[in-house]
There are 2 protein chains.
Amino acid sequence: MQRKLPHSNLYLREEELRRGIELLYFAYRDFTRDPDAILAETGFGRAHHRVLYFVGRNPGTTVSGLLSLLRITKQSLSRVLGQLVEEGYVKQESGVEDRRQRLLYLTDKGETFEKELFATQRQRVAEAYKKAGPEAVSGFWEVLLNIVNEEERDTVLSQIEK
Amino acid sequence: MQRKLPHSNLYLREEELRRGIELLYFAYRDFTRDPDAILAETGFGRAHHRVLYFVGRNPGTTVSGLLSLLRITKQSLSRVLGQLVEEGYVKQESGVEDRRQRLLYLTDKGETFEKELFATQRQRVAEAYKKAGPEAVSGFWEVLLNIVNEEERDTVLSQIEK
DNA sequence: ATATTATGTCAGTGATGTTGACATAATATC
DNA sequence: GATATTATGTCAACATCACTGACATAATAT
């Protein structure tokens, strides 16, 4: 019986870490399911959702702004963004100070669609917040923020606090 | 000033939801980065990691067990699982009660590799737990569990509590 | 005048997922 | 014992989303 404590502690520690990993996996899996289903109807995918989301959050952002936020390559973005522009969800305007830049905005159509996609995740997250309570929500934010790469926490927060 | 409260509440509510959504996105993005880098060296991808992970967690699980846990199709799994078996990371044994079943286990090689992949995420999550503290960790679990589809929470917990 | 930057585009590739159809062997049921 | 169901595997075809590397253009900075 004397050996019980140290063993239990190590065991718990490993279990606690695996619990976080697994919850993160399953939550992310289900969290992307609802919008994916809507997107599939329109012929878009998750990549289109991300662009719609972040352009909606950062009206007037540039192509390179999106590239560094999403950490994908120009070619990956360009295909997705091109489709969104062509089908009238996103509009581009030349920068006023630097006319090389393409400032990106959602059109009305884009905003409506983004709201529809957001609504599914909003519902899920709001429900989870409500069930867990405000203190749990703070903990949720804090742990997640610390999981993000240290160098990028500012970017994440500047997304959020705008 | 009288209008401030209701407006603030609505605004905060939306912001709080978007904060959760964004943190989930960025945390997941970075959380998968370290193992992805190791996997790339061996020619494997994230799908291989998931199989290694869950076979490691559930020694003796069957093909259909994995299918329903991962929610992918047989064809997707079969390609990935086939490679893992062929390269000696996973071994299959016929079921004793039902000989149609293939019971899946990690080989020593598979266990070693899974540990290596796990170590990177372990480090990241342990650090985040440490910085945020135990109460935050509880909140983190609780919110994430409630984000998972209701029907699947048992599955998630039975993964965890084993 | 020259270098750098922001963006776009071409061609090729790879990983991961999908659907649908079909095959085999083992087990369960009538 | 005949038949249905189940667990697994496999084939062919396809879509999405990422990648690399190279090159082009226009605008801005030095």
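Just so it is clear, the values below take in all heavy atoms, side chains as well, and ignore hydrogens, waters and symmetry mates. Numbers restart at 1 for each chain; the letters A, B, ... are given by sequence-line order, proteins then strands.
Salt bridge annotation for B/R19-B/E15: absent, with no cationic side-chain nitrogen under 4.0 angstrom from a carboxylate oxygen. Using a 4.0 Å cut-off between a side-chain N of Lys or Arg and a carboxylate O of Asp or Glu, B/R71 and B/E151 do not qualify as a salt bridge.
Rounding to whole angstrom units, CG of residue B/D98 and P of C/dA26 are separated by 10 Å. Atom CZ in A/R102 sits about 11 Å away from atom C1' in D/dA27, given to the nearest Å.
For B/Y89 and B/Y105, the ring centers are positioned 6.0 Å apart or more.
Contact between the side-chain N/O atoms of B/R99 and the OP1/OP2 oxygens of C/dA28 is not found at any separation under 4.0 Å. A close approach under 4.0 Å does not occur between any side-chain nitrogen or oxygen of A/S64 and OP1 or OP2 of C/dT5.
Which of C/dT5, C/dG20, C/dA11 sits closest to the side chain of A/Q75 comes down to C/dA11.
As judged by a 4.0 angstrom heavy-atom cut-off over every strand, B/G65 is placed among residues making no nucleic acid contact. Looking at heavy-atom distances under 4.0 Å, A/R46 makes contact with sugar-phosphate atoms alone, never a base. Within 4.0 Å of A/Q83, counting heavy atoms only, lies no atom of the nucleic acid at all. Across all strands shown, A/T73 has heavy atoms under 4.0 Å from base atoms, whether or not it also approaches the sugar-phosphate. The residue A/S76 sits close to a base: some heavy atom pair falls under 4.0 Å.
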